[in-house]
Chemist: 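Let me give you the structure first, and then I'll get to my questions.
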Amino acid sequence: MVRQGAAPRRSVDAAHRPWHYGVTFLLFYATLFGNNKRMPDHVYKKIEIVGSSPNGFEEAVQNALARAQKTVRNMRWFEVTETRGYIDEGKVGDWQVTLKIGFTLEE
């Protein structure tokens, strides 16, 4: 949908991209491969868990990570994939978050 008075969007081919696209790529490439450093050869496994808390989103994430830490070693990152809430008498009763947790595999 195009707003009135707005110019229609057009695709941008490589010759007409702003100059910072190339700079961004070069900085990213240099960060990964600069100074002859290799990317780590990590292999990750992902699991999905759901945490909850009556006190908010962040505490729900902390609760989920704290519980997972009891049985999962080498956790490296997490991704929040869903956020939900439980309604109790018209108010927020609990926050729920679904997390994907990545961890490195042991040798």
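Values below: every heavy atom of this structure, side chains too, minus hydrogens, waters and symmetry copies.
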Chemist: Do Y86 and V92 belong to the same hydrophobic cluster, where Ile, Leu, Val, Met, Phe, Trp and Tyr are linked whenever their side-chain heavy atoms lie under 4.5 Å apart, directly or via other members?
Modeler: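 Different clusters: Y86 never reaches V92 through Ile, Leu, Val, Met, Phe, Trp or Tyr contacts under 4.5 Å.
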Chemist: At what distance, to the nearest 0.5 angstrom, does CG of N74 lie from CD of Q69?
Modeler: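 That separation rounds to 11.0 Å.
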Chemist: Given a cutoff of under 4.5 Å between side-chain heavy atoms of I, L, V, M, F, W and Y, with clusters grown through shared members, what are the other residues clustered with Y44?
Modeler: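 In the cluster with Y44 are W77.
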Chemist: Run the side-chain donor-acceptor check on residues 94-106: report pairs under 3.5 Å with partners two or more places apart or on a different chain.
Modeler:
unit_1, atom_1, unit_2, atom_2, d
Q96, OE1, R84, NE, 3.2
T98, OG1, E82, OE1, 3.2
T98, OG1, R84, NH1, 3.3
T98, OG1, R84, NH2, 3.3
E106, OE1, R73, NH2, 3.2
E106, OE2, R73, NE, 2.7
E106, OE2, R73, NH2, 3.3

Chemist: For residues 47-59, please give each side-chain donor-acceptor pair under 3.5 Å, one per line with the distance, not counting sequence neighbours.
Modeler:
unit_1, atom_1, unit_2, atom_2, d
S53, OG, N55, N, 3.0
S53, OG, E59, OE2, 2.8
N55, ND2, E59, OE2, 3.0

